[in-house]
Structures are given as structure tokens and as C-alpha cells.
Peer 1: 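My questions will all concern the structure given below.
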Amino acid sequence: MADGVAGRERARRLHQPTTIARYRQVVDGHLTPHLGRIKLDKLTPRDVQRMVAQLRDKMAAASVVKVHGVLRVALADALRLDLVERNAAKAAKLPRPGRSERRALTPAEARKLLAEVSGDRLEAFFVLALTTGLRRGELLGLRWIDVRTDEKVLFVRQTLQRALPVALSGRR
């Protein structure tokens, strides 16, 4: 148990809170329901492949690959700690994620959006988002000290993310 606590503390130091929350979501929502009854040393590539096939029916290929990635990394850590003899996730055949192109707003769509938010308390947020291409976390992390209106310069010095707190026990 002490190793598990130390591992969680190490993960907190190495990863952003949103990453840890995403890992917890993958474990609780996908890995535990599909593989939770199988002892770690009894997990086979066939078990992992069965989980991948079941997930493929319910979610996008890219999401299946991410779930598998969390399992593969966890099993690599277990292998390194001699808790398993091999990484059963390495043998699984994964679906190929399709390529989806994101489409930018047309100038007409951007004007319509700005007209909709005109006068709203978040109008400046949307203007900045449309004119700078900053990500949401970068926009939310801006402070007045990051803006130099006389020089027409904006500095992105931090990002802001919201993550659900994860207790030491792994429960929220």
C-alpha cells in the first residue's frame, strides 16, 4: 500500500492536475469495469484485446487508444516494479484513429458570434479568442500585467486549468 501512495505522490509531482483527473476517469470509467475482476498477474493480452473490442463499439478510436495508453503505461510501471512478468497491453491491436479536421470560423461566422456576445461580460474573452488564436487555458490565465496596450503586446505567461481535486486515496 505504501508503494501505491508513493506512486500517487510521484504522479502528482510529474503531471498536471487535469492529467491526473483524466487518468482517474479512465481507470474508474473504463479499466475497472472491464478488467477490475482480473488479478494483475493473471491479466492476458486476450483480456486487453477483449476490452479494446468492447470499447471500440462504444467510443471513438482515438478514445480507445487513450484508454489503452493509460493501461499500457500502468502495466509498464508494474513490470518495472516486478509486479507482472510482462505487459499484456503491448500485444493488443488498436483501432486506427480517423483524421478529423477542425474548421475555423468563416469571417461571417466570426462576425455573427461577436454580434451575439456584444455587451456580454465575456465579450473581451471572445474577441481575444478570435483575434489571437490563444487556447482557452491561455486566455483564462491572462492578467492585466500581461497586457501592454501602448505597445500592443500581450504576454502569455501562465495557463489556467480547472481540475476536480483528487484525494490521496484517489477518491473525490
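Since we're looking at a predicted model, the values are computed, not measured. Just so you know, residue 1 is the first one in the sequence shown, and it goes up from there.
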Peer 1: With heavy-atom distances below 4.5 Å as the criterion, would you say the side chains of M51 and H30 are in contact?
Peer 2: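 Heavy-atom side-chain distance check fails, nothing below 4.5 Å.
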Peer 1: With no hydrogens and no angle check, is any side-chain donor or acceptor of Q49 less than 3.5 Å from a backbone partner on K93?
Peer 2: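 Judged by distance alone, yes, a pair lies under 3.5 Å.
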Peer 1: Look at atom CZ of R56 and say whether more than 12 heavy atoms of other residues, nucleotides or ligands are closer to it than 6.0 Å.
Peer 2: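 Yes - once you tally the heavy atoms of other residues, nucleotides and ligands closer than 6.0 Å, there are more than 12.
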Peer 1: How long is the span from the CG atom in L31 to the CZ atom in R24, to the nearest 0.5 Å?
Peer 2: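 With rounding to 0.5 Å, CG (L31) is 10.0 Å from CZ (R24).
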Peer 1: Between F125 and V156, is there a shared hydrophobic cluster once you connect ILVMFWY residues whose side-chain heavy atoms come closer than 4.5 Å?
Peer 2: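 F125 clusters together with V156.
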Peer 1: Please check if atom CD in E151 has more than 12 non-hydrogen atoms from other residues, nucleotides or ligands closer than 6.0 Å.
Peer 2: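 Enclosed.
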Peer 1: Can you tell if the side chain of E109 reaches within under 4.5 Å of the side chain of R103, non-hydrogen atoms only?
Peer 2: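 Heavy-atom side-chain distance check passes, below 4.5 Å.
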Peer 1: Contact between S63 and K58 at the side-chain level, heavy atoms closer than 4.5 Å - yes or no?
Peer 2: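 S63 does not reach K58 side chain to side chain.
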Peer 1: Do I145 and F155 have side-chain heavy atoms sitting under 4.5 Å apart?
Peer 2: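 Contact flag for I145/F155 side chains = no.
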Peer 1: Could you measure the distance from the CG atom of L35 to the CZ atom of R50? Nearest 0.5 Å is fine.
Peer 2: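 Separation between the atoms: 9.5 Å.
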Peer 1: With a 4.5 Å heavy-atom cut-off, do V117 and L122 have their side chains touching?
Peer 2: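 No, every pair of side-chain atoms sits at 4.5 Å or beyond.
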Peer 1: Ignoring hydrogens and angles, tell me if any N or O in the side chain of T159 forms a donor-acceptor pair with the backbone of G141 under 3.5 Å.
Peer 2: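 Side chain of T159 to backbone of G141: no pair is present.
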Peer 1: To the closest 0.5 Å, what do you measure between CD1 (I20) and CZ (R22)?
Peer 2: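 I20 atom CD1 to R22 atom CZ measures 14.0 Å (nearest 0.5 Å).
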Peer 1: Closest heavy-atom contact between V48 and A89?
Peer 2: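 Result for this residue pair: CG1-CA, 4.0 Å.
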Peer 1: Okay, side chain of D77, backbone of A74: is any donor-acceptor separation there less than 3.5 Å?
Peer 2: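 Flag not set: sc D77 to bb A74 has no pair under 3.5 Å.
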Peer 1: For L75 and V84, work out which heavy atoms get closest and say how close.
Peer 2: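 Looks like O-CG2, 4.0 Å.
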Peer 1: Could you tell me whether the side chain of D41 reaches within less than 4.5 Å of the side chain of E85, counting heavy atoms only?
Peer 2: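 They are not in contact (no side-chain heavy atoms under 4.5 Å apart), so the answer is no.
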Peer 1: Taking all non-hydrogen atoms of both residues, which atom of L130 and which atom of A110 are closest, and how far apart?
Peer 2: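 Nearest heavy atoms, L130 then A110: CD1-O, 4.1 Å.
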Peer 1: For T149, give me all partners under side-chain hydrogen bond (donor to acceptor under 3.5 Å, both in side chains), at least two apart in sequence or on another chain.
Peer 2: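 Partners of T149 by the side-chain hydrogen bond (donor to acceptor under 3.5 Å, both in side chains) criterion come out as none, since no residue qualifies.
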Peer 1: Do V52 and L40 share a hydrophobic cluster, counting only Ile, Leu, Val, Met, Phe, Trp and Tyr and linking them when any side-chain heavy atoms are less than 4.5 Å apart?
Peer 2: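 Yes; tracing contacts between hydrophobic side chains, which count when under 4.5 Å, links both residues.
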Peer 1: Looking at OH of Y23 and CG of L71, how far apart are the two atoms once the value is rounded to the nearest 0.5 Å?
Peer 2: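 Output value for this atom pair is 12.5 Å.
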Peer 1: Do L139 and V153 share a hydrophobic cluster (ILVMFWY, side-chain heavy atoms under 4.5 Å, transitive)?
Peer 2: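 Hydrophobic grouping puts L139 apart from V153.
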Peer 1: Would you say L140 and L142 are hydrophobically clustered, going by side-chain heavy atoms of ILVMFWY under 4.5 Å?
Peer 2: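 In one cluster: yes.
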Peer 1: Count the heavy atoms of every other residue, nucleotide or ligand shown that sit under 6.0 Å from CZ of R37, and state whether that count exceeds 12.
Peer 2: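 No, not enclosed.
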Peer 1: List the atom of N87, the atom of R72, and the distance in Å for their closest heavy-atom pair.
Peer 2: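 That closest heavy-atom pairing would be ND2-O, 3.0 Å.
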Peer 1: Could you tell me whether the side chain of E123 and the main chain of G119 form a donor-acceptor pair under 3.5 Å?
Peer 2: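 Looks like yes, one N/O pair under 3.5 Å.
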Peer 1: Applying the 4.5 Å side-chain criterion to the ILVMFWY set and letting contacts propagate, would L160 and L154 be lumped into a single cluster?
Peer 2: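 Shared cluster, yes.
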